[in-house]
Novice: 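Before I ask anything, here is the structure I am working with.
All values below come from the heavy atoms of this structure, side chains included, with hydrogens, waters and symmetry mates left out.
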Amino acid sequence: MITARPVELLAPAKDLNCGMEAVRHGADAVYAGAPMFGARAAAGNSVDDIRKLCDYAHIYNVRVYVALNTILKDEELKVAERMIHQLYDAGADALIVQDMGITQLDIPPIPLHASTQTDNDTPAKVEFLHKAGFKRIVLARELTIDEIQTISGRVPEATLEAFVHGALCVSYSGRCYMSFALCGRSANRGECAQYCRLPYSLVDSEGRTIVENRHLLSLKDLNRSDDLEAMMLAGVSSFKIEGRLKDVSYVKNVTAYYRRRLDAVFDGNPAFYRPSSGRSSFTFEPRPEKSFNRGFTPYFLHGRDADITSFDTPKSVGERIGVVKELKGGSFTVAGLKQIRNGDGLAFFNSHGELEGFRVNRTEANRIFPQKMPALKPKMQLYRNFDHAFEHVLAQPSAERKISVRVEWGDCPAGFVLTMTDETDARVTLARPFAGELARKPQDDNIRTQLAKLGNTPFEAGETVVSMTRNYFVPSSLLNDMRREAAEKLLSVRRMRYVRQYAKRHENDVAYPLPTLDYTANISNRKAEDFYRKHGVKTTEPAFEEAPRSDVPLMYTKHCLRYDMGWCPVLQRRKSPYKEPYYLTYKDKKLQLTFDCKNCRMLIYKV
């Protein structure tokens, strides 16, 4: 017998508006940054906004998770402790954390999720975190389907979350120190300067240039929409959309897209279902390629993929629309099937290989008149990275989320009775005394019409049943009053019925998989060190931010430039004509590459 399992769509919220739109567009859960200590320092939210988001989301049984996933200093722990109590009182359903010191604080029974920043890429690590009390583990993006399956098989009771869409960190999350080493801004403190998106030259040990001025550490964006069911079968229970710095149109479009894709899987596979209430309807056709993207990749989900990089540009390329056909004065024609409209933003790679953009002023059939004529040439590929008409639709109210209710109307000896039952079997019944007066005309149609007017409420009438013993006259004013009151009471019942999850705090001595920890454990306070000591770790090193070093890697990455050049000694068996070690150079910055073939990864050091 199949035991059905809920599978969650988790969407990002830069702010309150983004969070509410994520709910409207179909999210089962939303994650937002805490007022402080979030891994996106520019995407913090006030406690009051978190409260408002929870109040709205919980109507639909949508959960709200708060990201508090930076490493903390000793003097910040008490501040974090007070804030966690405030977030819990505001209704937050879970905390996404990296710093193990948080587990040692006096905090309320709020569930903890182990952020992907804790580098969750082995069965042993996931099993430990689960046994140590974490309600959920967010998996490393680098894992394959088989590796996810192995983790799920070893820890079947653990709830696993995986990224499904959005920007990719080239480094294993939590194990990148490049930004701090080069400019003092720590990614583990929410201040990443994104050195991975800069243009580098690749040179060998003799100073010969292999590649010049390309974005050699920049990756395409993640898109695993074709792999949802396979990931569910492998054990994933939450699909996470990246984007706590993205604007509201991105949140609307991408959330709606994955809502439809997941629902299609649920329709065909009874082993999975959505955990929240209500159905979303959209005024647009979701198209992820129309939102910010650098091109798409499933990353390493099916093994090493040769097409994961965005070497040409770290900017949004958008969708291909055709090629330049003919240039004529201040206009040009396009060979392609997509319609181009006034106000669209188009882009192309110029003769220097740089992405250059321009705005469309007007169009005549396939002839384009830019505001300023760019340096185009025939046969150049064109992209659209701003669809004016699409963005205009998204700038308006673009979705409604409604909870279906069954409405029943009848009479009783003293008057009339209205019962409203929602899709989760929450129910309210109202009775109003009213003198029975037979009507001259049939009343059923008017009763159904008035009771279905649920307009600005979260509800919509799925079925309306009228069962009066006689054709009594029912005033529309009475129907409207009782409908409004029933909807308000049903909303109150839903709020009261919301089931909050609680975490039981208990000390245990489950052993950590390793007896020693180096700087990559990111231990920056005594409470975090105490946590690992309690779990059997004998020796620890301080976080890189606490004790910077020059002899250790600044980045651990699955992305491999030797593989991209075709010189992998394991998978390609081709010898490089250049002499190692290789270096990345950018202005006065120089980084050395080393290759850990046993673990199939590249390491980057500062020179």
Novice: Where do His165 and Phe296 land on the ring pair (Phe, Tyr, Trp, His ring centres under 6.0 Å) test, with the steps shown first?
Specialist: CA-CA 9 Å; His165 193 94; Phe296 291 123; 5.4 Å; yes
Novice: To the closest 0.5 Å, what do you measure between CG (Asn269) and CE (Met232)?
Specialist: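 These two atoms lie 8.0 Å from each other.
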Novice: Less than 4.5 Å apart, side chain to side chain, heavy atoms only: is that true for Phe128 and Val126?
Specialist: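 No, too far: nothing below the 4.5 Å cut-off.
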Novice: Between Val317 and Arg294, is there a side-chain heavy-atom distance shorter than 4.5 Å?
Specialist: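 No; the side chains remain at least 4.5 Å from each other.
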Novice: Side chain of Lys606, backbone of Leu591: donor and acceptor closer than 3.5 Å?
Specialist: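 Not at all, since once roles are kept as given, no pair shorter than 3.5 Å links the two residues.
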Novice: Tell me if the aromatic rings of Phe292 and Tyr250 count as close, with their centers under 6.0 Å from one another.
Specialist: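 No.
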Novice: Shortest non-hydrogen contact from Arg189 to Ile71?
Specialist: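 Smallest interatomic distance, heavy atoms only, reads NH1-O, 2.9 Å.
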Novice: Check whether any side-chain heavy atom of Glu541 lies under 4.5 Å from a side-chain heavy atom of Arg549, and answer yes or no.
Specialist: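 Sidechains of Arg549 and Glu541: in contact.
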Novice: Tell me whether the NZ or CZ atom of Arg601 lies within the 45° cone about the ring axis of Tyr556 and under 6.0 Å from its centre.
Specialist: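 Cation-pi check for Arg601 and Tyr556: fails.
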Novice: Checking Tyr195 side chain against Cys192 main chain: does a donor-acceptor pair fall under 3.5 Å?
Specialist: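 Not confirmed, Tyr195 side chain does not pair with Cys192 backbone.
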Novice: Any chance you could measure Leu222, atom CG, to Asn293, atom CG, to the nearest 0.5 Å?
Specialist: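 Reported value, rounded in 0.5 Å steps: 12.0 Å.
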Novice: For Arg260 and Phe282, what are the C-alpha separation, side-chain angles and deciding distance, and is it a side-chain contact (heavy atoms from CB on, under 4.5 Å)?
Specialist: CA-CA 10 Å; Arg260 284 190 172 174; Phe282 313 118; 3.7 Å; yes
Novice: Does Asp422 reach the main-chain N or O of Ala426 with its side chain, forming a donor-acceptor pair under 3.5 Å?
Specialist: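 The answer is yes, because a donor-acceptor pair under 3.5 Å joins these two groups.
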Novice: Looking only at side-chain N and O atoms, does Ser280 offer a donor or acceptor that is under 3.5 Å from a partner on Arg24?
Specialist: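 No - no donor-acceptor pair under 3.5 Å links their side chains.
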Novice: For this output row, return yes or no: ring centroids of His130 and Phe134 closer than 6.0 angstrom.
Specialist: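 No - the distance between ring centres of His130 and Phe134 does not fall below the 6.0 Å cut-off.
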Novice: Measuring from atom CZ of Arg185 to atom CD of Glu545, what distance do you get when rounded to the nearest 0.5 angstrom?
Specialist: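 The CZ atom of Arg185 sits 13.5 Å away from the CD atom of Glu545.
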Novice: Charged N to carboxylate O below 4.0 Å: is that the case for Arg526 and Glu529?
Specialist: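 No.
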Novice: Closer than 4.0 angstrom, basic N to acidic O: yes or no for Lys125 and Asp121?
Specialist: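 No, Lys125 and Asp121 are not salt-bridged.
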Novice: Ion pair present between Asp226 and Arg261, side-chain N to carboxylate O less than 4.0 angstrom?
Specialist: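 Counted as a salt bridge, because a side-chain N and a carboxylate O are separated by less than 4.0 Å.
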Novice: Would you say the side chain of Leu217 lies within less than 4.5 Å of the side chain of Leu584, judging by non-hydrogen atoms?
Specialist: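 The answer is yes; the side chains approach within 4.5 Å.
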Novice: Give the minimum heavy-atom separation between Arg197 and Leu219, together with the two atoms involved.
Specialist: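 The pair with the smallest heavy-atom distance is NH1-O, 3.0 Å.
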Novice: How about Thr144 and Asp146: does a side-chain donor come under 3.5 Å of a side-chain acceptor?
Specialist: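 Asp146 and Thr144 do not have a side-chain donor-acceptor pair below 3.5 Å.
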Novice: Do Arg533 and Val537 come close enough that some side-chain heavy atom pair is under 4.5 Å?
Specialist: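 Of all side-chain heavy-atom pairs linking Val537 with Arg533, none is under 4.5 Å.
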Novice: Can you tell me if Lys131 has over 12 outside heavy atoms packed within less than 6.0 Å of its NZ?
Specialist: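 Counting neighbours around NZ of Lys131, 12 or fewer heavy atoms of other residues, nucleotides or ligands fall under 6.0 Å, so no.
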Novice: Can you check whether Phe239 and Phe163 have ring centres sitting under 6.0 Å from each other?
Specialist: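 Phe239 vs Phe163: aromatic centres not under 6.0 Å.
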Novice: Taking the side chain from Arg244 and the backbone from Pro12, do they hold a donor-acceptor pair closer than 3.5 Å?
Specialist: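 Such a contact is absent between Arg244 side chain and Pro12 backbone.
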Novice: State, yes or no, whether a side-chain contact exists between Met20 and Leu53 at a heavy-atom distance under 4.5 Å.
Specialist: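 SC-SC contact between Met20 and Leu53 confirmed.
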Novice: Shortest non-hydrogen contact from Ser179 to Glu191?
Specialist: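 Closest approach of Ser179 to Glu191, heavy atoms only: OG-O, 3.9 Å.
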Novice: Tell me whether His559 contacts the main-chain N or O of Leu216 through its side chain, where contact means a donor paired with an acceptor under 3.5 Å.
Specialist: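 Flag set: sc His559 to bb Leu216 pair under 3.5 Å.
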Novice: Run the side-chain contact (heavy atoms from CB on, under 4.5 Å) test on Glu546 and Ser524 for me, step by step, so that the C-alpha distance in whole Å, both residues' side-chain angles and the decisive distance to 0.1 Å come before the verdict.
Specialist: CA-CA 6 Å; Glu546 296 297 302; Ser524 60; 3.8 Å; yes
Novice: Looking at Ser115, is its backbone amide N or carbonyl O close enough to the side chain of Thr118 to form a donor-acceptor pair, meaning the two atoms are under 3.5 Å apart?
Specialist: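 Yes: the side chain of Thr118 pairs with the backbone of Ser115.
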Novice: Would you list the pairs meeting ring-ring contact (aromatic ring centres under 6.0 Å, His included) in which at least one residue belongs to residues 27-49, sequence neighbours left out?
Specialist: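 Qualifying pairs, neighbours excluded: none.
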Novice: The criterion is side-chain hydrogen bond (donor to acceptor under 3.5 Å, both in side chains); which residues satisfy it with Ser277, sequence neighbours excluded?
Specialist: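 Once residues adjacent in sequence are excluded, the partners of Ser277 under the side-chain hydrogen bond (donor to acceptor under 3.5 Å, both in side chains) criterion are Asn61, Arg494.
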Novice: To the nearest 0.5 Å, how far apart are OH in Tyr273 and CD in Glu8?
Specialist: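 Answer for the OH-CD pair, Tyr273 versus Glu8, is 12.0 Å.
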Novice: Decide yes or no for His25 and Asn253: does some side-chain heavy atom of the first lie under 4.5 Å from some side-chain heavy atom of the second?
Specialist: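 Not touching, per the 4.5 Å side-chain cut-off.
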Novice: What's the shortest heavy-atom distance between Asp263 and Arg274, and which atoms?
Specialist: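 Where Asp263 meets Arg274 most closely, the heavy atoms are OD2-NH1, 3.9 Å.
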Novice: Taking Leu9's backbone N and O only, do any of them form a donor-acceptor pair with Asp28's side chain (distance below 3.5 Å, no angle check)?
Specialist: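 Side chain of Asp28 to backbone of Leu9: a pair is present.
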Novice: Between the side chains of Asp247 and Ser249, does any donor sit under 3.5 Å from an acceptor?
Specialist: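 There is such a pair (donor and acceptor under 3.5 Å, judged by atom type) between the side chains of Asp247 and Ser249.
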Novice: Quick check against the 3.5 Å criterion: does Asp15 have a side-chain atom that pairs as donor or acceptor with the backbone of Cys18?
Specialist: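 Present.
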Novice: Just verifying a value: how many Å separate Lys240 NZ and Leu10 CG, rounded to the nearest 0.5 Å?
Specialist: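 CG of Leu10 is found 5.5 Å from NZ of Lys240.
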Novice: About how many Å separate OG1 of Thr309 and NZ of Lys220, when rounded to the nearest 0.5 Å?
Specialist: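 The OG1 atom of Thr309 is 6.5 Å from NZ of Lys220, to the nearest 0.5 Å.
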Novice: Mind listing the closest non-hydrogen atom pair of Leu139 and Ile151 along with its distance?
Specialist: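 Looking at all heavy atoms of both residues, the closest pair is CD2-CD1, 4.2 Å.
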Novice: Asp387: what forms a side-chain contact (heavy atoms from CB on, under 4.5 Å) with it, not counting sequence neighbours?
Specialist: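 Checked Asp387 against side-chain contact (heavy atoms from CB on, under 4.5 Å); matches are Lys290, Glu319, Arg341, Asp344, Arg384, Ala389, Phe390.
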Novice: Enumerate, atom names and distances included, each donor-acceptor pair closer than 3.5 Å involving a side-chain atom of residues 87-107, sequence neighbours excluded.
Specialist:
unit_1	atom_1	unit_2	atom_2	d
Asp93	OD1	Tyr498	OH	2.8
Asp93	OD2	His58	NE2	2.8
Asp93	OD2	Val64	N	2.8
Asp93	OD2	Tyr498	OH	3.3
Gln98	OE1	Asn522	ND2	3.1
Gln98	NE2	Asn69	O	3.0
Asp99	OD1	Gly101	N	2.7
Asp99	OD1	Asn525	ND2	3.2
Asp99	OD2	Leu72	N	2.7
Asp99	OD2	Asn525	ND2	2.8
Thr103	OG1	Met100	O	2.6
Gln104	OE1	Lys534	NZ	2.6

Novice: For Gly278, is there any backbone N or O sitting under 3.5 Å from a side-chain donor or acceptor partner on Glu423?
Specialist: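 Indeed, once roles are kept as given, a pair shorter than 3.5 Å links the two residues.
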Novice: Please determine whether side chain to side chain donor-acceptor pair (under 3.5 Å) holds for the pair Ser225 and Asn223, giving the CA-CA distance in whole Å, both sets of side-chain angles, and the decisive distance to 0.1 Å.
Specialist: CA-CA 6 Å; Ser225 56; Asn223 184 327; 2.7 Å; yes
Novice: Between Glu400 (side chain only) and Ser281 (backbone N and O only), is there a donor and an acceptor less than 3.5 Å apart?
Specialist: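 A pair under 3.5 Å: no.
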Novice: List in chain and number order the residues that pass salt bridge (Lys or Arg N to Asp or Glu O under 4.0 Å) with Lys558, two or more places apart in sequence or in another chain; answer none if no residue qualifies.
Specialist: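 Partners of Lys558 by the salt bridge (Lys or Arg N to Asp or Glu O under 4.0 Å) criterion come out as none, since no residue qualifies.
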Novice: Is the Lys NZ or Arg CZ of Arg141 less than 6.0 Å from the centre of Tyr299's six-membered ring, within 45° of the axis?
Specialist: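 So Arg141 doesn't make the cation-pi contact.
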Novice: Pairs in or reaching into residues 93-118: which pass ring-ring contact (aromatic ring centres under 6.0 Å, His included), with residues at least two apart or in two chains?
Specialist: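 Residue pairs passing ring-ring contact (aromatic ring centres under 6.0 Å, His included), neighbours aside: Tyr65-His113.
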Novice: So which heavy atom on Ala114 is nearest to which on Asn120, and how close?
Specialist: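 Closest pair (atom of Ala114, atom of Asn120, distance): O-ND2, 3.5 Å.
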Novice: Should Asn188 and Tyr177 count as side-chain neighbours, where that means a heavy-atom distance under 4.5 Å?
Specialist: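 Yes, close enough: below the 4.5 Å cut-off.
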